[in-house]
Amino acid sequence: MPHRIHPSILNANLASLDEEIRRIPSADAVHLDVMDNHFVPNLTIGLPVVENIRANHPETFLDIHLMITDADRFAPAYAELGCESVTFHAEAAKAPIRLARELRRLGSRAAMALKPTTPIEPYADIITEFDMILLMTVEPGFGGQSFLDSVLPKIRRTRELVRKTGQEIWIQVDGGVSVDTIGRAAEAGADVFVAGTAVYRAGDPDAMVNQLRDLAITACAH
Ligand code: DX5
Ligand code: ZN
């Protein structure tokens, strides 16, 4: 199982994004949190900023996390920009199957996110429509919140559903991932880890990326 670290730039310096992205060369992707002040009570970046990041970092895997209400309408544009992965929320999408197929048709990986209290079971039969399931380990909207251990059983159940498909569908966790929590998430079955505060508040963000990945690998080896 690959263990991927996708730092979130939400708590980096948003006015110096190019520089902040260059500080994490060991990262497997950059996680970009798009918020519309409607689906979540916070407002960040949107399509024009992502378009510039794409142009300035053509080799970087861009992992887009859309926390927006009208996902059906706005998600495909991020795939059209050439973003490698586009995640929309299950609670927002009106037609998740149609949207996932549209994202794949446009050349992006398709991913669906679940808030901490949204169960995976209603989606069990359509899990192969996705390349990744994002299980939020905080309520979406802000960085710097505490990891919710109550999501661990859902990570385990999702890993079991993925195993049964025989396909390589990534399980991402986002929120409160740090040196103290990544082992538990990895042991439960997550293989893609978003970390914002832990990476950007570290003295050496790139060293933290490598440390987090090592901890995830070690936790799974047991
Ligand atoms: C929260 C965002 C996260 C956030 C994570 O809604 O989706 O990506 O930046 O930040 P930390 O790692 O600080 O919890
Ligand atoms: Zn996120």
Side-chain angles (χ1 to χ4, degrees), residues 3-14 17 20-21 23-24 27-46 49-50 53 60-69 71 74-75 78 83-93 108-118 130-152 155 170-186 190-203 205-206 208-209 211-213 215-216:
H3 288 88
R4 301 174 56 92
I5 307 296
H6 293 194
S8 158
I9 49 81
L10 185 60
N11 277 63
N13 183 341
L14 290 173
L17 275 180
E20 294 288 61
I21 291 171
R23 289 172 77 196
I24 48 164
D28 299 290
V30 173
H31 179 90
L32 299 174
D33 291 303
V34 173
M35 304 183 184
D36 65 353
N37 206 21
H38 192 260
F39 182 72
V40 288
N42 198 0
L43 186 65
T44 55
I45 59 170
V49 174
V50 175
I53 294 174
T60 302
F61 185 115
L62 297 184
D63 166 21
I64 310 297
H65 178 192
L66 298 174
M67 284 159 276
I68 62 174
T69 298
F74 293 110
Y78 292 86
C83 296
E84 282 75 6
S85 177
V86 178
T87 303
F88 60 83
H89 266 266
E91 303 85 358
S108 165
R109 295 172 64 91
M112 186 169 68
L114 306 181
K115 297 207 288 189
T117 55
T118 303
F130 305 102
D131 300 291
M132 180 173 84
I133 301 293
L134 165 52
L135 301 176
M136 292 301 301
T137 41
V138 297
E139 289 289 357
F142 303 93
Q145 303 180 76
S146 298
F147 182 89
L148 292 170
D149 278 288
S150 50
V151 180
L152 290 171
I155 300 174
W170 295 347
I171 300 177
Q172 183 177 62
V173 285
D174 182 7
V177 173
S178 70
V179 292
D180 297 323
T181 58
I182 195 167
R184 300 205 288 281
D191 54 4
V192 182
F193 306 88
V194 177
T197 313
V199 168
Y200 277 104
R201 295 287 152 85
D206 202 51
M208 178 55 72
V209 168
Q211 189 185 346
L212 288 168
R213 192 186 297 105
L215 286 168

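Both ligands and their constituent atoms are indexed starting at 1 by order of listing. Every heavy atom of this structure was used, including side-chain atoms; hydrogens, water molecules and symmetry mates were not.
- Nearest protein heavy-atom neighbour of atom 3 (C) of ligand 1: D174 OD1, 2.9 Å.
- Remark: minimum distance from atom 10 (O) of ligand 1 to any protein heavy atom is reached at G143 CA, 3.5 Å.
- Scanning all protein heavy atoms for the shortest distance to atom 1 (C) of ligand 1 gives F142 O, 3.6 Å.
- Heavy-atom contacts of H65 reach the following atoms of ligand 1: 7 (O) (cutoff under 4.0 Å).
- Residue contact check: A195 has heavy atoms under 4.0 Å from atoms 12 (O) of ligand 1.
- For the pair Q145 (side chain) and E139 (backbone), a donor-acceptor distance under 3.5 Å is present.
- Annotation for ligand 1: atoms under 4.0 Å from non-hydrogen atoms of P140 are 6 (O).
- With no hydrogens or angles considered, a side-chain donor-acceptor pair links H31 and D33 at under 3.5 Å.
- Between Y78 and V50, the closest side-chain pair of non-hydrogen atoms falls below 4.5 Å.
- Heavy-atom proximity to G176, at under 4.0 Å, picks out these atoms of ligand 1: 11 (P), 12 (O), 14 (O).
- Ligand 1 has M67 within reach: a non-hydrogen atom of the residue lies less than 4.0 Å from it.
- Within the protein, the N, O or S atoms lying under 2.8 Å from the Zn ion (ligand 2) are H31 NE2, D33 OD1, H65 ND1, D174 OD2.
- When heavy-atom distances to ligand 1 are checked against a 4.0 Å cut-off, D33 comes that close only through its side chain, counted from C-beta outward.
- At least one donor-acceptor pair closer than 3.5 Å links the side chain of D36 to the backbone N or O of T69.
- Near G175, meaning under 4.0 Å from any of its heavy atoms, are these atoms of ligand 1: 14 (O).
- Taking every heavy atom of H31 and a limit of under 4.0 angstrom, the matching atoms of ligand 1 come to 8 (O).
- Of the possible polar contacts, none joining the E20 side chain to the I9 backbone as a donor-acceptor pair under 3.5 Å is found.
- In terms of modelled atom types and a separation under 3.5 Å, the side chain of S178 and the main chain of A198 share no donor-acceptor contact.
- Looking only at protein heavy atoms, the nearest one to atom 13 (O) of ligand 1 is T197 OG1, 2.3 Å.
- For ligand 1, the polar-atom distance check against V194 finds no nitrogen or oxygen pair separated by under 3.5 Å.
- Counting only heavy atoms from C-beta outward, the side chains of V179 and M208 approach each other to under 4.5 Å.
- A 4.5 Å side-chain heavy-atom check between V34 and F88 finds every atom pair outside the cut-off.
- The single protein non-hydrogen atom nearest to atom 9 (O) of ligand 1 is S8 OG, 2.8 Å, given as residue, atom name and distance.
- The aromatic rings of W170 and F61 lie tilted to each other, with the angle between the two planes from 30° to 60°.
- With sequence neighbours excluded, the residues that form a side chain to side chain donor-acceptor pair (under 3.5 Å) with N13 are S16.
- Short contacts between ligand 1 and G144, defined as distances under 4.0 Å to a heavy atom of the residue, involve ligand atoms 11 (P), 13 (O), 14 (O).
- Two residues are said to be in side-chain contact when any heavy atoms from C-beta on lie closer than 4.5 Å; N42 and M67 fail this criterion.
- The side-chain heavy atoms of D28 and R213, taken from C-beta on, include a pair separated by under 4.5 Å.
- Nearest to atom 6 (O) of ligand 1 among the protein's heavy atoms is G141 N, 2.7 Å.
- Distance alone, capped at 3.5 Å, is enough to place a donor-acceptor pair between the T197 side chain and the G144 backbone.
- Heavy-atom proximity to L10, at under 4.0 Å, picks out these atoms of ligand 1: 4 (C), 9 (O).
- Inter-residue side-chain proximity for I24 and I5 is flagged as unmet; no heavy-atom pair is nearer than 4.5 Å.
- For atom 12 (O) of ligand 1, the nearest non-hydrogen atom of the protein is G196 N, 2.7 Å.
- Residues H89 and P140 form a side-chain contact, since some pair of their non-hydrogen atoms from C-beta on lies under 4.5 Å apart.
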